[in-house]
Amino acid sequence: MLDLSALSQLKQLKQEIREANPTLKGMVKGTSKRFGFVIKEGSNEQYLLPQSEMDRLLHGDFITFKLEKSQKQDDKPIAKIEKFISSSLDTFIGLVKVKNNQMFVIPEHKQINRWIFIPPKFRKELRDGDIVQAKISQHPYKTDGRVQAQIIEKIGQPSDPYIEHRYSIVKFGIPARHWKNDEIEAIRQTAEQCLEEAISSKADMRDKCFVTIDGTNTQDLDDALWVEQTDDGWQLDVAIADVSTFITQDSPLDKIAAKQGHSVYLPGQKVPMLPDILASDVCSLRSNVDRLALVCQMTLDNEGNIIKTTYTDAVIHSKGKLGYDEVNRYLLKESDGFSDEINQLLDQLKAVSDLRLKWRETHAAMTDEYYDYRYQMDDTGKIINIEKNERNQAQKLVEECMIACNAATASYLSSQTDHALFLAHDGFKLDQKPGIKKLINSEFEGTEAEQLFDLTGYLAFLKQPEVKASALPVKDILRKKMKRSEWSATVAPHFGLGLNSYTTFTSPIRKYSDLLVHRLIKTLMSGQTPLALSAETLENLNQTTLATREAQKDCETALKCDYLKGFVGKPLQGEIASINHRFLGIFLSDFDLLGQIPVKTLGKASKFKQESLQLVTDSHTYRLKEPVTVYIHSIDKNERLIRLSFENHAAKNEQESTSDQAG
């Protein structure tokens, strides 16, 4: 029988053992193999999870674990599960596989390397090769490695028409709503009644010659323009579709719009945020009919400064639905244009947009020129041609008016309330600042690097002659080191545009954020103080913005993977758009697509200079913006990856094949 002293010593020994090998927490990281890793909470340390452990876990699981010595000679510690806490894996996309009369789903996920059993009750109408959305219904930790999945939705077969569109929408959680005929009719009747009743309470601007300028086939017309020259400058009115009158806060339609967040534009297809009867008809600023608008009225001086901004809740009557191409032809004096009244309006709009462009060149930061891409699609939703066009004068005219309106709105909101909704692009990532200092100190002697971390100093730096004359693309290097823009309830700079504040106000038919801005403005117009937007609202705006961007990119890249098969072996002109220690990112401007060249294919010796984003090899120093000629090396549609090369491997393989046949 142990005495109290012995028990105390045993307890102390157990405590010492626990302290010597503490229980740790971490996140599971899967691999393409059967083993995995666990990343220790609060650090970058990771430990091997051997197959016996990984069989009971999934990528993204949160666990507690202890370390044990490995039986291998390297003696590195391995992780042993103590306790399963939770799983971050919610839904995933996978491919149905039938084998030996059993049905499985193979996740399209690099870090989930297993087939997952589908129980019979979830197999209804499924067949081999179906693409599905699924979720884990039985976790392997609780069942000795046996894992099961529930099928949430069948997306379709890989050969189905428009399958890439459907896949991207589901993958990124875009809640595409299919409206029933009776729902559409009820919405139409309610909206038309609302329009009729609201007109009498709005300011009457139907006599003003507002016009819309947009794509020829565009029906969801958010904005209309009017301008007049004054003795002291200009009066520019931007009328924006008044969606907030039709969709009230917390109504069923409002909740649906908030959940989606954006209209999603895919090649040959659109997923509207609002029912089409609103987006393309009752809310749309169609010509020759009365429509409700919130009009941003800007007074500009002769230098292009916006010196006053007011808002009017109005009814307008657009005098023309003008297309970009026809307006551009008029501005270039290649056609007689339209009526005398509209022609005069277009001349004045061109003058004021040129004035604002000059103002931005002097006082703000200019964005790079970009192209307009038009996709020709076949009946199955595949790209058969990509038309690349420089943006014309009409598109640039509208863009300047929209930037002016959005900037003026941000200034108005920041002057009226402490909390509103701003699109913040607030400078550089914290971990990039040491590299920026190193770059500035080595390339621009006498320049204080700290000045770049303030918007005023950043703009002054970009305008220095030595910066403009530098062999390095300094602006592009700095842009790569900046934070991602995001929605904020407090005012913050927008470094990308070089403005002290910015928001978006001009697209409430297509963007829920703009609808919220309209509501904020109307609250201020009524003399009330708007309530602060909740953290949940801001998070939802940022998440839906990212999801929309990723869905569009995913769909376009998948379609371009098929389209580019016709260009294998052909020289393609590109530009280096990104550089790191693993890849050169090459932007193919003819296709609006980013491809990759692995650094390891460029030679044995290479050095990545993080501060200047340069890759130095034995024979060449690669820089951002450098023009290059490349060839397609491989296309992986599943991974949405175009691998490029500086060599024509297709021709090389053909030569080798011919040589082998001759031998």
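Remember, it's a predicted structure, so these values are computed and weren't measured experimentally.
Nearest heavy atoms, Ile597 versus Leu644: CG1-O, 3.5 Å. In this structure, Ile477 and Leu613 approach most closely via the heavy-atom pair O-CD1, 4.0 Å.
With sequence neighbours excluded, no residue forms a side-chain hydrogen bond (donor to acceptor under 3.5 Å, both in side chains) with Arg549. Qualifying ring pair (Phe, Tyr, Trp, His ring centres under 6.0 Å) partners for Tyr502, counting only residues two or more places apart in sequence or in other chains: His494. Every residue was checked against the side-chain hydrogen bond (donor to acceptor under 3.5 Å, both in side chains) condition with Lys438, not counting sequence neighbours, and none meets it. Considering only residues two or more places apart in sequence or on other chains, Tyr167 meets the side-chain hydrogen bond (donor to acceptor under 3.5 Å, both in side chains) condition with Glu108. The side-chain hydrogen bond (donor to acceptor under 3.5 Å, both in side chains) check on Asp476 picks up Arg479, with sequence neighbours excluded.
The pair Lys625-Glu575 counts as a salt bridge, with a side-chain nitrogen and a carboxylate oxygen less than 4.0 angstrom apart. A salt bridge links Arg519 to Asp254: one of the charged nitrogens lies within less than 4.0 Å of a carboxylate oxygen.
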Margin query: I'd like to know whether His633 forms a ring pair (Phe, Tyr, Trp, His ring centres under 6.0 Å) with Tyr631, so could you lay out the CA-CA distance, the side-chain angles of the two residues, the decisive distance to 0.1 Å, and finally the verdict.
Written below: CA-CA 6 Å; His633 180 271; Tyr631 297 85; over 10 Å; no

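Summarising the geometry, atom CG belonging to Asp55 is positioned 10.5 Å from atom CG belonging to Asp144; distances are rounded to the nearest 0.5 Å.
The aromatic ring centroids of Phe646 and Tyr622 lie less than 6.0 Å from each other.
A salt bridge (Lys or Arg N to Asp or Glu O under 4.0 Å) check over residues 630-646, counting only residues at least two apart or in different chains, returns the pairs Lys110-Glu639, Glu164-Lys637, Asp554-Arg640, Asp562-Lys637.
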